[in-house]
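The figures that follow rest on heavy atoms only: side chains count, while hydrogens, waters and symmetry mates do not. Just follow the structure's listing: the first ligand is 1, and inside any ligand the first atom is 1.
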Amino acid sequence: MPAPLSLPSLEALLRTKVFGRPLSHRPEVDSTQEWGRAEARSGAPEGAVFLTDFQTSGRGRLGRAWTALACSSVLASVLVRPGSGLYPRLFMIAGLAAVMAIEANCGVPCSIKWPNDVLIKGKKVAGVLTEGEFLGDAPDFALAGIGINVNLDPATLASTRYPATSLSHEVGTAISRERLIADLLLWFERLYGEAAGNGTIANLWRARLGILGMPVTIVSNDETIEGTAASVDATGALTLTLPNGDCRTFVAGDVSLSR
Ligand code: BT5
C-alpha cells in the first residue's frame, strides 16, 4: 500500500503565501468538504487546506460518490472567502490548478471535460467539486474540493460513469503526492490571484476544453440535449448551437461527445 501523506515533507515543499497556510491532515474523514465546512463555520481563514488519505463518504456533484483507495489519491478541500464575482469562477481555478500540477509532475498533457473533470487521453484522472455557503446574496465561504487519482490501478475503482485513469497508470511510476499537492496549491494561489485581479483565467481554461466546435450531448436537470459546443463565456457557461439553429446556454450538466 502507498505510504500516508507526510505533512512535514509537504510543508517543506510548499511555496505559497496564503494557500495551505494552515495545512491540516487527518488519516481518515467522511469527506474533506464536510470537515472544511465545519472549520470554516468556526472561522478558519481563507487558504486553509484540508487533506486526508481516505474518505468514507467522498462525494462528487449531485450526491454522487467519489471513491479512492487509502493513500492512493489527492483528496483536498481548499477554503476560500471569495467575493460574489469570483465565486462562480472557482471551479475553473480548481480545475486548471489540477491540470497545471499534473502536467508539471507527470509531463502528460491534460484536457478539461466541461465543466469539472480533468482527463488524460480521454480518461478521468481528477474531479472538482465547489460548494459555498452564503450570507444573503454574498458568499460567506466556499470549498474547492479536488480529487486526483495518483498511485492506483484504475481497475480497482468501483465502476465509474466515465472511463477512469490514474497518474501512476499513465506514467508507469509512482508519483509523489506531496510534490503534486505543493504544485496544486501554488497554481491555485496564482490563478486565484489572477482571477481576483480580473485576469482572464477563462481563456486559459477554454484552451483546455476539448469540445469546442464538436457535436456533443449534454444532460442537465434530467434533460438530454444534442448540439454543437459553440462557446464558453467568462464564467464557464457553455452555449450549444441546436440542430434547428437556436442557441442554448448551460451553467451545469454532464457533457459527452456525440457519436
Ligand atoms: C466530481 O464529481 O468529479 C467531483 C469529485 C470531487 C472529489 C473531491 S475529493 C476531496 C473533496 N472531498 C469530497 O468529498 N469531494 C471532493 P462528478 O463530476 O459528479 O463525478 C462523480 C462521478 O465520477 C461518480 O459518479 C463516478 O462515476 C466517478 N468517479 C468516482 N470516483 C472516481 C475516481 N476516483 N476516478 C474517476 N471517476 C470517479
Problem set entry | Donor-acceptor contact present, side-chain D153 to main-chain A155, <3.5 Å | yes
For this session: Any pair with a residue in residues 133-174 that passes ring-ring contact (aromatic ring centres under 6.0 Å, His included), sequence neighbours left out, goes on the list, sorted by first then second residue, please.
Result: Y87-F134
Exercise. Got a donor-acceptor contact below 3.5 angstrom from the R177 side chain to the A3 backbone?
Worked result: yes
Exercise. When only distance counts, is R61 in polar contact with ligand 1, meaning an N/O pair under 3.5 Å?
Worked result: yes
Problem set entry | N221 atom CG, neighbour heavy-atom count above 12 within 6.0 Å | no
For this session: Run down the list R64, E34, R59 and name the one with the heavy atom closest to atom 16 (C) of ligand 1.
Result: R59
Problem set entry | Shortest protein heavy-atom distance from atom 29 (N) of ligand 1, along with the residue and atom involved | T160 CG2, 3.6 Å
Problem set entry | E189 side-chain N/O to V18 backbone N/O, donor-acceptor pair under 3.5 Å | yes
Problem set entry | Which segment of V128 sits under 4.0 Å of ligand 1 when only heavy atoms are counted | backbone
Seminar exercise, completed: Counting heavy atoms under 4.0 Å, the part of I146 that contacts ligand 1 is backbone
Problem set entry | Atoms of ligand 1, numbered as shown, that sit under 4.0 Å from any heavy atom of G58 | 14 (O)
For this session: Could you tell me whether T32 and ligand 1 have an N or O pair separated by under 3.5 Å?
Result: yes
For this session: Give a yes or no answer on whether the side chain of D183 reaches the backbone of M100 with a donor-acceptor pair at less than 3.5 Å.
Result: no
For this session: Indicate yes or no: at least one non-hydrogen side-chain atom of L152 is less than 4.5 angstrom from one of S73.
Result: yes
Exercise. At under 4.0 Å between heavy atoms, which part of L62 makes contact with ligand 1: side chain, backbone, both or neither?
Worked result: neither
For this session: Look at atom 34 (N) of ligand 1 and find which of T67, L119, T130 reaches it with the closest heavy atom.
Result: T67
Problem set entry | Protein heavy atom at shortest distance from atom 25 (O) of ligand 1 | R161 CD, 3.3 Å
Problem set entry | Numbering as shown, the atoms of ligand 1 that approach L157 to under 4.0 Å (heavy-atom distance) | 33 (C), 34 (N), 35 (N)
Exercise. Is a side-chain donor or acceptor of E178 paired with a backbone partner of S6 at a separation under 3.5 angstrom?
Worked result: yes
Exercise. For ligand 1, which atoms have a heavy atom of D117 less than 4.0 angstrom away?
Worked result: 3 (O), 18 (O)
Exercise. What protein heavy atom is closest to atom 30 (C) of ligand 1, reported as residue, atom name and distance in Å?
Worked result: A65 O, 3.3 Å
Problem set entry | Whether over 12 other heavy atoms sit under 6.0 Å from R179 CZ | no
Exercise. Donor-acceptor pair, Q55 side chain versus A68 backbone, under 3.5 Å?
Worked result: no
Exercise. Is it the side chain (CB and beyond), the backbone, both or neither of S73 that lies under 4.0 Å from ligand 1, heavy atoms counted?
Worked result: neither
Problem set entry | Region of A76 engaging ligand 1 - heavy atom pairs below 4.0 Å | backbone
Problem set entry | atom 36 (C) of ligand 1 - nearest protein heavy atom and its distance | A164 CB, 3.6 Å
For this session: For the pair D30 (side chain) and S57 (backbone), establish whether a donor and an acceptor sit closer than 3.5 Å, ignoring hydrogens and angles.
Result: no
For this session: Mark up the atoms of ligand 1 that fall under 4.0 Å of a heavy atom belonging to Q33, in ascending order.
Result: 11 (C), 12 (N), 13 (C)
Exercise. Of all the atoms in ligand 1, which lie at a distance below 4.0 Å from a heavy atom belonging to S31?
Worked result: 12 (N), 13 (C), 14 (O)
For this session: List the closest protein heavy-atom neighbour of atom 20 (O) of ligand 1: residue, atom name, distance to the nearest 0.1 Å.
Result: K124 NZ, 3.0 Å
Problem set entry | T217 and S256 side chains, donor-acceptor separation under 3.5 Å | no
For this session: Report, as yes or no, whether the 6.0 Å neighbourhood of atom NZ on K123 holds more than 12 heavy atoms from other residues, nucleotides or ligands.
Result: no
For this session: Heavy-atom contacts with N149 under 4.0 Å: which atoms of ligand 1 show up? List them by number with element.
Result: 33 (C), 34 (N), 35 (N), 36 (C)
For this session: Look at atom 5 (C) of ligand 1 and say which protein heavy atom is nearest, naming residue and atom and giving the distance to 0.1 Å.
Result: W66 CE3, 3.5 Å
